[in-house]
Peer 1: 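The structure under discussion is supplied below as structure tokens; questions concerning it will follow.
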Number of protein chains: 2
Amino acid sequence: MVNIAPSKKQMVAEPSTEQRIIDAARKVFSTKGMAGARMQEVADEAGINKALLHYYFRSKQLLFEGVFKQSAQRQFSCIWDSLKQCDSLFPAIEAFVAAYLDRMIEEPLLPLFIANELNRDPKGLADFVDRGKESRARFLRMVEEARKRGEIIDIDPRELLVNIMALCAHPFIAQPMLKHIHGITDDAFLRMIQKRRKTVPEFIIRSIRA
Amino acid sequence: MVNIAPSKKQMVAEPSTEQRIIDAARKVFSTKGMAGARMQEVADEAGINKALLHYYFRSKQLLFEGVFKQSAQRQFSCIWDSLKQCDSLFPAIEAFVAAYLDRMIEEPLLPLFIANELNRDPKGLADFVDRGKESRARFLRMVEEARKRGEIIDIDPRELLVNIMALCAHPFIAQPMLKHIHGITDDAFLRMIQKRRKTVPEFIIRSIRA
DNA sequence: ATCCGGTTTAACCAAATGGTTAATATTGCG
DNA sequence: CGCAATATTAACCATTTGGTTAAACCGGAT
């Protein structure tokens, strides 16, 4: 299954077949969704035979879960780990937004992908959510305490968190609409996101600062 | 000639077959997506034969477009019409958010549905976007002028608009995740949205008021 | 009654698709 | 080398699925 030390490949460091499959599958699944994705297309994208997909991953469902879980886990740990070494609220917000946007730039189709999967099967998400449980609780506590100290206005911490995530994720979910409305290119879109690394935390902090 | 008092239908006013199909299709397409939806399921949901679907709408693609265009048009006109009779910025923001959230309550799966379709076929959206063109331009102008008058801080009007839409739409897109994270029911989710009719405009206005 | 247009259905069909199998190629190793 | 395990492929298979066809149904006009 795992290609440990292939002789020919030592110079170029070609990715293993398994990794090629995963990458191809991620690409196809993110753009077409689970139902719209075709095993043949994944195989073509990976440059292999369709049967080989079933050799590595027994079924479409398992392949999908593998790809999805990998991406989703990475997503959640990136985001929540970002505020592990912050202990005051405003820097935490800045770090969180930066981490979120950076991750989105890495894999722009992910939020839509995750939203769809969670909508399709709300049960299968307990794992990922629980992964960030402590960090999330800690963040909510930070908000609560800042509120008690009078640093910020009276706001439901959970609602604040929803707002932060909305401001980070939504531009990517609505990406095609934004691109068309503003008549911008991929490049200009990226610049806009880069700007948001600064403006989104400013926007949030201005609205909650006491 | 015309049957003035049809015996069976005068009381119940059953919807026409065509409308039953549209309603069924909307339901199935929103939950399963275009690719995941099955014509048979739409037929069952509408209580009719599968062939009848093709009698009214020639193909799956046409049925989908019919449903999608109807929902999307309604969506955009609801939202943009809401600020036609506002001429100062803050009330406009309040009206816009209220209209957006009301529409979302009406059809909660729509934002995800639209996001997916625009992602699948970014070309086919020019119509809907252009429908709100003037209203959008007018809103951006209102922001610009409020900025010049010193009523609000220096902010890119387009970025403000993105933020507003993000705060409105995202809770619905992330609905399953929110429900699980906060451990809430459908009912509690609706209450949270009702609250947001007030808190979201407050959140926005606080962050831009000079 | 009968005929006629629009409506509805059961039975079919061809293509697409996820998945399997058996045979072939490649690699690691004694 | 030679052999065993792993990797890869071409050809198939069964089912699903969008779509078609021809027949039946039904209300109203003649």
Side-chain angles (χ1 to χ4, degrees), chain A residues 1-29 31-68 117 120-121, chain B residues 1-29 31-68 117 120-121:
Chain A
M1 207 101 158
V2 180
N3 194 347
I4 297 181
S7 54
K8 284 167 52 181
K9 308 183 178 176
Q10 68 188 128
M11 325 225 64
V12 207
E14 283 183 56
S16 68
T17 301
E18 188 173 2
Q19 191 57 45
R20 282 222 314 284
I21 293 177
I22 288 181
D23 291 341
R26 172 157 42 235
K27 191 170 168 182
V28 176
F29 279 132
T31 51
K32 308 289 179 72
M34 162 66 166
R38 298 293 108 122
M39 292 298 267
Q40 186 59 58
E41 197 181 345
V42 175
D44 293 346
E45 183 75 33
I48 58 164
N49 187 288
K50 185 165 67 89
L52 203 54
L53 290 183
H54 291 87
Y55 176 74
Y56 281 92
F57 304 83
R58 270 175 26 219
S59 71
K60 186 184 184 184
Q61 181 63 28
L62 287 175
L63 173 58
F64 178 79
E65 279 170 18
V67 170
F68 174 73
E117 174 56 13
R120 218 186 44 124
D121 173 29
Chain B
M1 281 231 217
V2 178
N3 192 349
I4 298 184
S7 53
K8 277 171 58 180
K9 302 189 177 180
Q10 72 185 131
M11 330 221 62
V12 208
E14 285 184 54
S16 68
T17 301
E18 187 171 1
Q19 191 55 47
R20 281 223 315 282
I21 293 178
I22 288 182
D23 291 341
R26 172 157 42 237
K27 190 169 168 183
V28 176
F29 279 132
T31 51
K32 308 288 178 74
M34 162 66 167
R38 302 294 137 207
M39 292 298 267
Q40 186 59 59
E41 198 180 344
V42 176
D44 292 348
E45 183 74 33
I48 58 163
N49 187 288
K50 184 164 68 89
L52 203 53
L53 291 183
H54 291 86
Y55 176 75
Y56 280 92
F57 305 83
R58 273 180 18 226
S59 69
K60 186 185 184 184
Q61 180 62 30
L62 287 176
L63 174 58
F64 178 78
E65 279 171 18
V67 170
F68 174 74
E117 174 56 13
R120 217 185 47 125
D121 172 28

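Chain letters run A, B, ... following the sequence lines, proteins first, then strands; residues in each count from 1.
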Peer 1: Mind calculating the distance between CG (L52(B)) and P (dA23(D)) to the nearest angstrom?
Peer 2: 19 Å
Peer 1: Let me spell it out: for each of A51(A) and R38(A), pick the nucleotide of DNA chain C with the closest heavy atom. Which residue's pick is nearer the 5' end?
Peer 2: R38(A)
Peer 1: Show the nearest heavy-atom pair for residues V28(B) and A37(B), with the distance to one decimal.
Peer 2: CG1-CB, 3.7 Å
Peer 1: Starting at the 5' end of DNA chain C and moving along, which residue's nearest nucleotide shows up first, Q61(A) or T17(B)?
Peer 2: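 The 5'-side residue here is T17(B).
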Peer 1: Rounded off to whole Å, could you give me the CZ-to-C1' distance for the F64(B) and dG18(D) pair?
Peer 2: 16 Å
Peer 1: Ignoring hydrogens and angles, are the base of dG19(C) and the side chain of K60(A) linked by a donor-acceptor pair under 3.5 Å?
Peer 2: no
Peer 1: So what does A37(A) hit on the nucleic acid, given a heavy-atom distance under 4.0 Å: a base, only sugar-phosphate, or nothing?
Peer 2: sugar-phosphate
Peer 1: Could you give the CG-to-P distance, from L62(B) to dG18(D), as a whole number of Å?
Peer 2: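 Rounding to the nearest Å, CG of L62(B) and P of dG18(D) are 14 Å apart.
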Peer 1: In whole angstroms, how far is the C1' atom of dT20(D) from the CZ atom of F57(B)?
Peer 2: 19 Å
Peer 1: Using a 4.0 Å heavy-atom cut-off, does Y56(B) contact any base of the nucleic acid, only the sugar-phosphate backbone, or nothing at all?
Peer 2: sugar-phosphate
Peer 1: If you check every side-chain atom of K50(A), which of dG18(D), dG19(C), dT9(C) has the closest atom?
Peer 2: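 Output: dG19(C).
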Peer 1: Quick one: closest heavy-atom pair of K60(A) and M34(A), and the distance?
Peer 2: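 K60(A) and M34(A) have their closest heavy atoms at NZ-O, 3.0 Å.
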Peer 1: Taking CG from N49(B) and P from dG6(C), how many angstroms apart are they, rounded to a whole number?
Peer 2: 20 Å
Peer 1: Could you tell me how far apart I48(A) (CD1) and dT26(C) (C1') are, to the nearest whole angstrom?
Peer 2: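 About 16 Å, once rounded to whole Å.
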Peer 1: Name the closest nucleotide to the H54(B) side chain, picking from dG19(C), dG18(D), dT9(D).
Peer 2: dG18(D)
Peer 1: Rounded at 0.5 Å granularity, tell me how far CD in E117(B) sits from CG in D121(B).
Peer 2: 5.5 Å
Peer 1: Please confirm whether the shortest side-chain N or O distance from S59(B) to OP1 or OP2 of dG18(D) is below 4.0 Å.
Peer 2: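 No, because none of the side-chain N or O atoms of S59(B) sits under 4.0 Å from OP1 or OP2 of dG18(D).
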Peer 1: Look at Y55(A) and dT8(D) and indicate whether a side-chain polar atom (N or O) is within less than 4.0 Å of OP1 or OP2.
Peer 2: no
Peer 1: Distance check needed: dA15(C) C1' versus Q40(A) CD, whole Å only.
Peer 2: 14 Å
Peer 1: How many Å lie between CD on E18(A) and C1' on dT8(D), as a whole number?
Peer 2: 15 Å
Peer 1: Would M39(B) and H54(B) count as a side-chain contact (heavy atoms from CB on, under 4.5 Å) if you check the C-alpha gap in whole Å, the side-chain angles of each, and the deciding distance to 0.1 Å?
Peer 2: CA-CA 9 Å; M39(B) 292 298 267; H54(B) 291 86; 3.8 Å; yes
Peer 1: Does the side chain of I22(A) come within less than 4.5 Å of Y56(A)'s, by heavy atoms?
Peer 2: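 Side chain of Y56(A) against side chain of I22(A), heavy atoms only: no contact under 4.5 Å found.
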Peer 1: What nucleotide among dG19(C), dG18(D), dA7(D) has an atom nearest to a side-chain atom of M39(B)?
Peer 2: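 Looking only at heavy atoms from C-beta outward on M39(B), the closest nucleotide is dG18(D).
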